[in-house]
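Data first, discussion second: the structure below is written as structure tokens.
Note that these values count all heavy atoms, side chains included, but never hydrogens, waters or copies made by symmetry.
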Amino acid sequence: MRNLTILPAAGQASRMRGMPKFLLPYDSSYETLIERHIRLSLDWAEIVVVPTRAEFAPMLVALGMPNDRVVISVIESETMSETVKSVASWFSFDRYVVVMPDTFFGGETPYQYLANSSAPLDLAAWKIRKNQAGKLGQVELDKDGNVIAHQDKTEGCLFRHSWGAMSFDRKLKDLIQVNQPHVGYIIDPALDMGLTVRARVFRGEYFDCGTPKEYFEMIGSKYVAGSAGR
């Protein structure tokens, strides 16, 4: 099965005063978050596409991109959904894996699982930490690992797991609405259509490094502190 990994890096970086969050280093080697995602994705993806804003492209080039399997695509988009749908229309593959480049997976990683999935829509999920509840997309799972309900950044949500990366069959790209903030919004339409939405709960922890607080929490975690963080 031919698959492509998308690392949507076209946001405006407004939360960190113009610094792209995906360029934050995560350990003493100064490897950036996005470099780690690319390095680990390339074992399973045919190619990795990094759609980004024109002003960020030279920064990625300085890190040694692009190359024969890493493509930088300059794009101006209003939402992450628009970015992902555009890439999926430019590159025809059987399956698309979407990983947010300003995240960190501590412990077990989902790249192989997502690339090899055959479900229409498959999510990488983690047990949510108390301080993350209501701030992430949360899912309720049945005993077989199927998603039966989903809520996005809903205060008071009691679902015990959050999702942090996904893969989907090419037929589902039509569910992406460009005006919606992110591709997690295809989960509910997929469920409404009766499609199988799978989720595997990974050992370890998920960190959304889009905020300084969680970035520093990741830096101080057992997955990074005192180790190479790989």
Task: Separation between CG of L33 and CG of L7, rounded to the nearest 0.5 Å - done: 11.0 Å

TODO: Show your reasoning for whether salt bridge (Lys or Arg N to Asp or Glu O under 4.0 Å) applies to R129 and E217.
DONE: CA-CA 12 Å; R129 299 191 299 280; E217 183 179 355; 3.2 Å; yes

Task: Co-membership, hydrophobic cluster, residues V178 and M80, 4.5 Å side-chain - done: no

Open item on the list: Less than 4.5 Å apart, side chain to side chain, heavy atoms only: is that true for P101 and P8?
Closed with: yes

TODO: Please check if atom CD in E155 has more than 12 non-hydrogen atoms from other residues, nucleotides or ligands closer than 6.0 Å.
DONE: no

TODO: With sequence neighbours excluded, tell me which residues meet salt bridge (charged side-chain N to carboxylate O under 4.0 Å, His left out) with R170.
DONE: D94

Open item on the list: Quick check for you: to the nearest 0.5 Å, what is the distance between D102 atom CG and F207 atom CZ?
Closed with: 14.0 Å

Task: Test item: T154 side-chain N/O and Q151 main-chain N/O as donor-acceptor pair under 3.5 Å - done: no

TODO: Using atom types as modelled and distance alone, determine if a side-chain donor or acceptor of T79 lies under 3.5 Å from a backbone N or O of E82.
DONE: yes

TODO: Taking the side chain as every heavy atom from C-beta outward, state whether H150 and W163 have any pair of such atoms under 4.5 Å apart.
DONE: yes

Open item on the list: Could you check whether any side-chain N or O of D208 sits under 3.5 Å from a backbone N or O of G210, counting only pairs where one atom can act as donor and the other as acceptor?
Closed with: yes

Task: Aromatic plane relationship, F104 with Y26 - under 30° parallel, 30 to 60° tilted, over 60° perpendicular - done: tilted

Task: Heavy-atom donor-acceptor pair, Y96 side chain to I6 backbone, under 3.5 Å - done: no

Task: Reference residue Y111; test ring pair (Phe, Tyr, Trp, His ring centres under 6.0 Å); the match among F202, W44, F105 - done: F105

Task: Side-chain donor/acceptor of R69 to backbone N/O of L42, under 3.5 Å - done: yes

- [ ] Provide the closest heavy-atom pair for K85 versus K173 in the form atom of the first, atom of the second, distance.
- [x] CE-O, 3.7 Å

Open item on the list: With heavy-atom distances below 4.5 Å as the criterion, would you say the side chains of L195 and L121 are in contact?
Closed with: no

Open item on the list: Tell me whether S117 contacts the main-chain N or O of L114 through its side chain, where contact means a donor paired with an acceptor under 3.5 Å.
Closed with: no

- [ ] Answer with yes or no whether the side chains of D122 and Y113 bring together a donor and an acceptor at under 3.5 Å.
- [x] yes

- [ ] Flag the pair V87 / V84 as yes when at least one side-chain heavy-atom distance between them is below 4.5 Å, and no otherwise.
- [x] no

TODO: Hey, could you give me each pair passing ring pair (Phe, Tyr, Trp, His ring centres under 6.0 Å) that has a residue in residues 171-200? Not counting sequence neighbours.
DONE: H182-Y185

Open item on the list: Between K153 and G134 (side chain of the first, backbone of the second, donor and acceptor by atom type, cut-off under 3.5 Å), is there such a pair?
Closed with: no

Open item on the list: Let's go through L4 and W90 carefully: what are the C-alpha distance in whole Å and the side-chain angles of both, what is the deciding distance for side-chain contact (heavy atoms from CB on, under 4.5 Å) to 0.1 Å, and is it a yes or a no?
Closed with: CA-CA 11 Å; L4 174 148; W90 298 337; over 6 Å; no

Task: Verdict with reasoning, V201 to L141, per side-chain contact (heavy atoms from CB on, under 4.5 Å) - done: CA-CA 10 Å; V201 179; L141 311 178; 3.7 Å; yes

TODO: Kindly indicate whether the side chain of V139, heavy atoms from C-beta on, has any atom under 4.5 Å from the side chain of S162.
DONE: no

Open item on the list: Using a 3.5 Å distance criterion without hydrogens, assess whether the side chain of D169 forms a donor-acceptor pair with backbone atoms of L172.
Closed with: no

Open item on the list: Is it the case that atom CD in E108 sees more than 12 heavy atoms from other parts of the structure closer than 6.0 Å?
Closed with: yes

TODO: State the CD-NZ distance between E214 and K21, to the nearest 0.5 angstrom.
DONE: 12.5 Å

TODO: Determine whether V147 and F159 fall in the same hydrophobic cluster, where Ile, Leu, Val, Met, Phe, Trp and Tyr are linked whenever their side-chain heavy atoms lie under 4.5 Å apart.
DONE: no

Open item on the list: How long is the straight-line distance from OH of Y30 back to CG of L24, given to the nearest 0.5 Å?
Closed with: 13.5 Å

Task: Heavy-atom closest pair, residues A119 and R198 - done: CB-CG, 3.5 Å

Open item on the list: I'd like to know if the side chain of E35 and the backbone of E31 have a donor-acceptor N/O pair within less than 3.5 Å.
Closed with: no

TODO: Could you pull out the closest heavy-atom pair between E76 and A54, with the gap in Å?
DONE: OE2-N, 4.1 Å

- [ ] Decide yes or no for T5 and V49: does some side-chain heavy atom of the first lie under 4.5 Å from some side-chain heavy atom of the second?
- [x] no

- [ ] Establish whether I186 and I148 are linked, either directly or via other cluster members, by ILVMFWY side-chain heavy-atom contacts under 4.5 Å.
- [x] no

Task: Check against side-chain contact (heavy atoms from CB on, under 4.5 Å), L63 and M59 - done: CA-CA 7 Å; L63 294 176; M59 303 177 191; over 6 Å; no

Open item on the list: A cation-pi test, strictly: NZ or CZ of R2 under 6.0 Å from the centre of the six-membered ring of F91 and no more than 45 degrees from its axis. Yes or no?
Closed with: no

TODO: Could you tell me whether the side chain of T83 reaches within less than 4.5 Å of the side chain of T52, counting heavy atoms only?
DONE: no

TODO: Indicate the atoms forming the closest heavy-atom contact of P110 with W126, along with that distance.
DONE: CG-CH2, 4.1 Å

Open item on the list: Within the 4.5 Å heavy-atom criterion, are F168 and V197 side-chain neighbours or not?
Closed with: no

Open item on the list: Test of understanding: clusters of I, L, V, M, F, W, Y form through side-chain heavy atoms closer than 4.5 Å, transitively. Do V50 and V74 belong to the same one?
Closed with: no

Task: Donor-acceptor side-chain pairing of Q132 and Q138 below 3.5 angstrom - done: no

- [ ] Measure from NZ or CZ of R95 to the centre of the six-membered ring of F93, then state whether that distance is under 6.0 Å and the direction lies within 45° of the axis.
- [x] no

TODO: Check whether any side-chain N or O of S41 sits under 3.5 Å from a backbone N or O of I38 as a donor-acceptor pair, and report yes or no.
DONE: no

Open item on the list: On a heavy-atom basis, which atom in A9 and which in I34 lie closest, and how many Å separate them?
Closed with: CB-CD1, 4.4 Å

Task: Atom pair CG/OG of N3 and S167 - distance to nearest 0.5 Å - done: 8.5 Å

TODO: Of all the heavy-atom pairs spanning M218 and C209, show the shortest one and how long it is.
DONE: CE-SG, 3.7 Å

Open item on the list: Please report the interatomic distance CD1(I128) to CZ(R160), rounded to the nearest 0.5 Å.
Closed with: 12.0 Å

